[in-house]
Protein chains: 2
Amino acid sequence: MARTKSTTVKDVAAAANVSRATAARALNGYGYVGSEAAERVLEAAARLGYRGNRVAQALRQGGLPIIGFVPGDIQNPFFARVAHDIDVAARGSKHNLLIASSEENLEQERALLDNLRALNVRGMIVAPASANDNLHLARLVREGTPIVLIDRVLDDLPCDSVAVDNEGGAREAVEHLIANGHRRIALIQDDARIVTARDRQAGYINALQAHGLPVDRRLIAVSSSTVQHAIDATIRLFSQPERPTALFTVDSVMTTGALLALRSIGLAIPRDVSLIGFDDFDLATFTDPQITVVAQPVGKIGPVAVKMLLDRIRGLSEPPRHVRFQTRLICRGSVSRIFRPA
Amino acid sequence: MARTKSTTVKDVAAAANVSRATAARALNGYGYVGSEAAERVLEAAARLGYRGNRVAQALRQGGLPIIGFVPGDIQNPFFARVAHDIDVAARGSKHNLLIASSEENLEQERALLDNLRALNVRGMIVAPASANDNLHLARLVREGTPIVLIDRVLDDLPCDSVAVDNEGGAREAVEHLIANGHRRIALIQDDARIVTARDRQAGYINALQAHGLPVDRRLIAVSSSTVQHAIDATIRLFSQPERPTALFTVDSVMTTGALLALRSIGLAIPRDVSLIGFDDFDLATFTDPQITVVAQPVGKIGPVAVKMLLDRIRGLSEPPRHVRFQTRLICRGSVSRIFRPA
DNA sequence: TAGCGTTGAGAGATCGGTCTCACAATGAGT
DNA sequence: ACTCATTGTGAGACCGATCTCTCAACGCTA
């Protein structure tokens with residue numbers, strides 16, 4: 001039951017009665033090859049089921065036809081969608097996709113990137129787990145590894161990036177709540193290590209300050225991006241004496257958690273609490289009423305990132321390019337209007 | 001801005017003033033190395049940031065430290081979950097995960113497997129897109145490539161597999177509906193090419209026949225596993241003259257579609273229609289009432305598959321092993337009791 | 001002191017391709 | 001007839017790491 005070793009150029013060359021060099025020329029279509037010899041080689045290759053060994057090719061030519069993708073969490077629908085899009089785009093240019101989830105863990109991210117580097121992948125698409133420590137990324141960039149940052153952009157890193165206007169999206173959402181008379185607006189966000197959390201929080205704070213509202217730390221809860229943590233955070237926020245009248249959640253998993261928690265506490269949307277979530281999701285049109293969200297053009301991120309990466313792989317040496325998509329506030333039914341004395 | 005080539009053993013050896021062979025011995029800890037020389041090598045390696053080149057290692061030793069995973073669709077929460085579990089398990093044994101989604105397309109699956117083979121991956125975990133044509137898989141197995149089938153098992157393929165009792169789970173669900181007095185029970189399923197669809201349909205039919213109920217082709221709709229297609233299928237089923245009183249959907253994406261469609265038609269669950277879905281999902285506990293489902297132990301599939309695969313990679317040559325998990329019917333509120341004259 | 005085992009380390013083969021270079025054969029131009 | 005360009009082909013270097021083989025030095029025993 002030993003693993004049968006596959007046929008090599010040497011086998012093909014022998015079968016076609018030519019040298020390895022000639023076989024390679026025929027198979028790859030370069031240099032001068034006699035048409036008769038070429039035919040013999042091709043026939044032999046087909047007959048023996050020759051496939052070529054990417055590993056050997058990679059060793060000679062530098063780099064496996066692989067693109068690495070390091071998302072924060074592959075189970076998060078956002079990243080799953082992006083992964084799918086990257087996969088499709090990469091396949092279009094004969095690249096394979098290697099996905100290694102950092103699970104929002106900086107140590108793990110470092111190890112994974114080291115790994116990808118050792119594998120000599122052609123390039124990487126990364127959603128960095130932390131805004132603080134990115135020396136490992138900086139080194140990769142410095143060494144010349146093509147890297148594109150998505151979703152979370154580190155400004156001091158000289159490489160391409162694709163993301164949405166997180167600050168603007170969050171600001172628009174909170175301003176919408178303010179415009180509807182809300183003043184006690186709660187926020188559930190990720191650990192501030194994560195860039196998007198930081199930016200969306202900035203949008204929240206900027207909106208409040210632009211309208212002369214105080215920023216109350218008791219209205220801000222930090223949660224990791226899992227349903228259970230979001231439930232806990234929501235319950236914490238809404239069991240305070242002076243209850244918030246509105247809630248803004250920074251990603252769809254948290255919005256899901258908030259929905260579940262509010263239901264279990266017995267608070268109705270939008271009667272008791274208004275809700276806006278960042279990132280649209282299936283569930284949002286499911287509930288009654290449907291949830292108002294800040295939608296991002298998820299489907300564009302992957303393809304654009306791959307395109308930029310391929311440009312770099314092909315040797316483009318322009319200064320870093322940064323793509324920013326605008327978000328769109330989709331008003332559904334989860335925000336109520338509060339009338340207050342002027 | 002040329003890509004700096006990374007440091008090699010040669011560099012390290014030169015820096016430590018020894019030969020490549022000695023450097024390799026020191027780095028990998030085999031053979032005889034003088035303690036003083038070893039120290040110099042290690043120091044030099046650390047100083048130069050030596051990392052080793054997996055590609056070269058793979059060429060020499062046969063096989064990249066990579067496990068290939070070919071799911072039907074990475075965006076499907078089921079596969080995303082399994083992918084995550086595989087990733088974690090694989091990382092535990094120093095393997096990377098390469099995900100290539102077949103998108104339920106047989107041609108693409110063939111191309112992807114060919115690709116993985118050419119990359120010399122150590123083994124593959126596959127959810128075959130089609131029950132019919134699997135010569136490509138058979139050849140891989142014959143050649144000795146370690147392969148584990150998950151979710152969808154092809155009985156005639158001599159390799160390990162991990163799946164759930166699809167027939168039994170579906171049968172239990174339909175019997176539950178029958179026990180509650182339902183007789184016109186509709187089914188929305190995948191293309192019958194897919195093994196799970198076939199098995200779950202078998203469970204549906206077996207349940208009906210065991211209770212002397214006719215199998216009515218008009219109650220069976222085929223849909224692909226996307227929300228939109230499931231919506232269409234549901235609408236088709238429920239716009240027939242004699243409307244079904246119950247619906248069984250074979251995966252969570254379809255259940256989601258069915259929910260949306262029924263709501264848009266204005267049919268209430270469970271008053272107008274009873275519903276059971278295969279595979280539990282977030283949404284199921286979200287709706288009012290919550291949805292009754294056939295739950296599968298999703299979290300066990302990935303780890304078990306990786307374990308079996310690693311055994312094979314390590315050279316285990318026992319006959320194929322087949323793991324089957326039992327499903328569990330979770331009764332929530334989406335099934336109503338119909339009383340009928342005896 | 002001859003003989004032998006142990007320890008240390010270098011030279012070079014090897015994995016499977018790709019590609020440069022040298023060389024031979026052919027035909028065209030002067 | 002002689003130079004030259006064009007074609008076709010093979011020998012061998014190379015990518016980076018691993019590993020076998022060979023050999024030298026040392027110390028110990030008889």
Side-chain angles (χ1 to χ4, degrees), chain A residues 2-42 44-45 48-65 94 115 117-122 143, chain B residues 2-42 44-45 48-65 94 115 117-122 143:
Chain A
R3 192 151 174 188
T4 10
K5 64 189 181 320
S6 45
T7 55
T8 72
V9 249
K10 213 164 136 189
D11 303 326
V12 174
N17 215 30
V18 294
S19 70
R20 277 156 46 240
T22 302
R25 276 189 285 256
L27 290 168
N28 300 310
Y30 70 97
Y32 293 111
V33 201
S35 57
E36 191 211 347
E39 202 166 312
R40 282 209 314 277
V41 170
L42 262 23
L48 299 178
Y50 173 73
R51 240 95 189 170
N53 180 330
R54 294 286 155 83
V55 175
Q57 276 161 243
L59 178 57
R60 185 93 223 294
Q61 303 181 316
L64 287 162
K94 307 286 183 217
N115 238 293
R117 208 195 75 132
L119 278 173
N120 258 328
V121 301
R122 292 260 165 79
E143 288 175 350
Chain B
R3 190 153 175 186
T4 11
K5 63 189 181 318
S6 46
T7 55
T8 72
V9 251
K10 212 164 136 188
D11 302 326
V12 174
N17 215 28
V18 293
S19 70
R20 276 156 45 241
T22 303
R25 276 189 283 257
L27 290 168
N28 301 310
Y30 69 96
Y32 291 113
V33 202
S35 57
E36 191 211 347
E39 202 166 313
R40 281 207 317 276
V41 171
L42 262 24
L48 300 177
Y50 173 73
R51 240 94 190 171
N53 180 328
R54 293 286 154 84
V55 175
Q57 281 163 315
L59 178 57
R60 186 93 221 296
Q61 304 180 315
L64 287 162
K94 307 285 183 217
N115 238 293
R117 208 196 74 131
L119 278 174
N120 258 328
V121 301
R122 293 259 165 81
E143 288 174 352

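First the proteins, then the strands, lettered A, B, ... as listed; each starts at 1. Only a predicted model underlies this, so the values are computations on that prediction, with no experimental measurement involved. Below, all heavy atoms of this structure are taken into account, side chains as well, without hydrogens, waters or symmetry copies.
Within residues 28-36 of chain B, the residues having any heavy atom closer than 4.0 Å to DNA chain D are, in order of number, Asn28(B), Tyr30(B).
In this structure, the side-chain hydrogen bond (donor to acceptor under 3.5 Å, both in side chains) partners of Arg51(A), at least two apart in sequence or on a different chain, are Asp114(B). Residues satisfying the salt bridge (charged side-chain N to carboxylate O under 4.0 Å, His left out) criterion with Arg40(A), sequence neighbours excluded, are Glu36(A). Applying the side chain to side chain contact (heavy atoms under 4.5 Å, CB included) rule to Val41(B) yields the partners Val12(B), Ala16(B), Val18(B), Ala23(B), Ala26(B), Leu27(B); only residues at least two apart in sequence or on another chain are considered. In this structure, Arg54(B) has no salt bridge (charged side-chain N to carboxylate O under 4.0 Å, His left out) partners at least two apart in sequence or on a different chain. Not counting sequence neighbours, Arg25(A) has no partner by the side-chain hydrogen bond (donor to acceptor under 3.5 Å, both in side chains) test.
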Discussion item. Counting primed atoms plus P, OP1 and OP2 as sugar-phosphate and everything else as base, spell out the protein contacts along nucleotides 10-15 of chain C at 4.0 Å heavy-atom distance: B, S or - for each nucleotide, 5' to 3'.
Written reply: BBBBBB
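Sequence neighbours left out, not one pair with a member in residues 9-22 of chain A passes salt bridge (charged side-chain N to carboxylate O under 4.0 Å, His left out).
For the pair Tyr50(B) and dG16(D), the criterion of a side-chain N or O lying under 4.0 Å from OP1 or OP2 is not met.
Within 4.0 Å (heavy atoms only), Ala58(B) reaches no atom of the nucleic acid at all.
Distance, Leu64(B) CG to dG17(C) P: 14 Å, rounded to whole Å. Counting to the nearest Å, the P atom of dC19(C) and the CD atom of Gln57(A) are 10 Å from each other.
Between Val55(A) and Val55(B) there is a side-chain heavy-atom pair separated by less than 4.5 Å.
Note that the CG atom of Asn120(A) and the CG atom of Asn53(B) stand 4.5 Å from one another [nearest 0.5 Å].
Only one option out of Gln57(B), Arg122(B), Lys94(B) pairs with Pro65(B) in a side-chain contact (heavy atoms from CB on, under 4.5 Å); it is Arg122(B).
Comparing the axis of the opening five pairs of the helix from dT1(C)-dA30(D) to dT30(C)-dA1(D) with that of the closing five pairs yields an angle of 70°, rounded to 10°.
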